[in-house]
Amino acid sequence: MERISIRHLFKKKEENKKITMLSTYDYLSAKMCDSCGIDCILVGDSLGMVFQGKENTLSVTLDEMIYHTKAVRRGAKRSFVIIDMPFMSYQVSVEEAVRNCGRAIKESGADAVKLEGGEEIAEIIYKLVNVGIPVVGHIGFMPQKIGIYGGYRIVGRGEEESRKLKSDFKAIESAGAFMIILETVPWQMAKDITESSKSITIGIGAGKYCDGQVLVFHDLVGLVEDIKPKFVRRYLNGADLFRDAVSRYKQDVERGEFPSERESYGL
Ligand code: KIV
């Protein structure tokens with residue numbers, strides 16, 4: 001079984017075959033994604049909200065990202081694994097970015113790092129790529145800038161924002177990002193960008209014209225109940241199914257129906 005590489009991903013783009021990506025944080029779900037043939041697994045810092053129950057992603061640490069990525073890597077034998085660099089682990093200086101991204105790759109076993117930002121991090125991306133670290137960019141809505149946006153919103157509407165989105169894309173593409181995630185941007189913008197891009201575009205809330213798509217695993221299986229953005233498609237009512245199983249277990253224990261004889265050891 002051959003591991004997916006950047007070369008495989010570019011071949012898919014060239015052949016107009018869609019690239020699949022899911023964001024997840026643990027061994028079992030990664031194993032499931034891997035066995036279904038998902039091309040890329042992103043260990044997203046969305047784990048701060050989905051796994052840790054926090055309000056946003058800002059407090060996630062590099063140690064936490066490495067811990068989760070190691071678990072995912074164990075489950076992902078074939079998929080290309082990307083580690084999301086947390087807030088303030090790469091923005092301070094080029095030196096700090098190289099040190100932290102280098103540590104992330106060495107310790108977690110990931111194939112690439114993901115950084116949020118446009119023109120303002122182009123120099124950092126350039127250096128990372130030149131020391132040998134593959135970089136995935138992330139523009140459009142950037143959750144690490146939630147404080148600046150003041151909430152979740154669509155990015156790239158209107159003349160000024162669409163010009164900025166395109167120039168950010170070009171800046172990080174030219175700096176060497178081989179793949180760029182476009183989050184909650186108008187589909188027309190994503191289409192336009194993808195048609196003239198050399199790097200691979202992956203959309204989330206960016207319409208169907210990107211080279212690939214990403215969703216959070218827990219959204220897809222319906223385990224996240226509190227919020228459901230327009231771009232999420234739930235393929236399963238996971239929360240209902242899990243609740244039903246837990247309720248039946250509770251009932252069986254309370255009624256003395258679990259464990260049965262078959263589920264018990266004799267002498
Ligand atoms: O953190 C994450 O899971 C992400 C994806 C949703 C793109 O950044």
Side-chain angles (χ1 to χ4, degrees), residues 9 18-26 29-30 33 38-62 64-69 71-72 76 79-91 101 104 108 110-118 121 125 135-146 149 152-156 165 168-169 172 177-185 190 193-194 199-207 210-221 223-224 226-234:
L9 298 171
K18 295 286 185 187
I19 293 164
T20 53
M21 182 188 292
L22 280 170
S23 180
T24 198
Y25 329 112
D26 68 286
S29 61
C33 296
I38 294 293
D39 296 310
C40 307
I41 300 179
L42 166 67
V43 187
D45 64 354
S46 54
L47 70 83
M49 299 161 83
V50 179
F51 182 85
Q52 299 174 333
K54 290 177 176 163
E55 203 182 318
N56 55 50
T57 62
L58 302 183
S59 61
V60 174
T61 67
L62 181 55
E64 287 166 347
M65 291 309 304
I66 292 173
Y67 171 86
H68 283 275
T69 308
V72 164
S79 305
F80 189 89
V81 174
I82 301 157
I83 181 169
D84 212 358
M85 295 302 291
F87 184 53
M88 282 301 129
S89 65
Y90 57 93
Q91 292 94 336
C101 292
S108 73
D111 300 298
V113 297
K114 176 170 89 61
L115 272 53
E116 292 180 16
I121 60 158
I125 294 178
V135 175
V136 176
H138 181 156
I139 56 169
F141 182 79
M142 293 172 266
Q144 292 179 11
K145 291 187 180 173
I146 186 88
Y149 298 127
Y152 288 88
R153 69 176 187 86
I154 295 140
V155 175
L165 190 67
D168 277 341
F169 187 90
I172 60 174
F178 78 95
M179 175 184 270
I180 298 171
I181 290 179
L182 301 170
E183 179 164 348
T184 25
V185 306
I193 287 173
T194 301
S199 48
I200 295 163
T201 64
I202 301 289
I204 176 159
C210 294
D211 296 315
Q213 296 291 327
V214 58
L215 276 182
V216 170
F217 176 86
H218 302 72
D219 281 332
L220 174 140
V221 298
L223 288 174
V224 177
D226 304 341
I227 44 165
K228 188 193 167 297
K230 181 183 164 94
F231 59 78
V232 167
R233 187 181 291 180
R234 280 186 189 147

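In each ligand, atom 1 is the first atom listed, and ligand 1 is the first ligand listed.
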N or O pair under 3.5 Å between S23 and ligand 1: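 Yes: some nitrogen or oxygen of S23 is under 3.5 Å from one in ligand 1.
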Close N or O approach (Y25, ligand 1; < 3.5 Å):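 N/O-N/O distance under 3.5 Å: no.
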Ring centres under 6.0 angstrom apart (F51, H218):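 Between F51 and H218, the centre distance exceeds or equals 6.0 Å.
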Given D39, I38, I82, V136, the one that forms side-chain contact (heavy atoms from CB on, under 4.5 Å) with M21: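 Only one option passes, and that is I82.
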From V216, I41, L215, residue fulfilling side-chain contact (heavy atoms from CB on, under 4.5 Å) relative to L22: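 So, applying the side-chain contact (heavy atoms from CB on, under 4.5 Å) to L22 and each of V216, I41, L215, only L215 qualifies.
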Protein heavy-atom partner closest to atom 8 (O) of ligand 1 - residue, atom, separation in Å: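 Result for atom 8 (O) of ligand 1: K114 NZ, 3.3 Å.
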Measure [X] to ligand 1 on non-hydrogen atoms and call it side chain, backbone, both or neither using the 4.0 Å cut-off.
X    : answer
L42  : side chain
L215 : neither
S46  : both
I204 : side chain

R153 atom CZ, neighbour heavy-atom count above 12 within 6.0 Å: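 Correct, the count exceeds 12.
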Any donor-acceptor N or O pair under 3.5 Å, side chains Y25, S46: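 Per modelled atom types, Y25 and S46 side chains form a pair under 3.5 Å.
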Any side-chain donor near an acceptor of the partner, Q144 and D45, under 3.5 Å: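 Side chains of Q144 and D45: pair found under 3.5 Å.
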Should you measure from each heavy atom of [X], which atoms of ligand 1 turn up under 4.0 Å away?
X    : result
H138 : 8 (O)
G44  : 1 (O), 2 (C), 3 (O)
D84  : 1 (O), 8 (O)

Heavy-atom side-chain proximity of L182 to I204 below 4.5 angstrom: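 Answer no - side chains too far apart.
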Over all atoms of both residues, closest heavy-atom pair of T69 and M65: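 Nearest pair, atom of T69 first, then M65: OG1-O, 2.6 Å.
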contact_flag E116 ligand 1 heavy-atom lt 4.0 Å: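 Heavy atoms of E116 never come under 4.0 Å of ligand 1.
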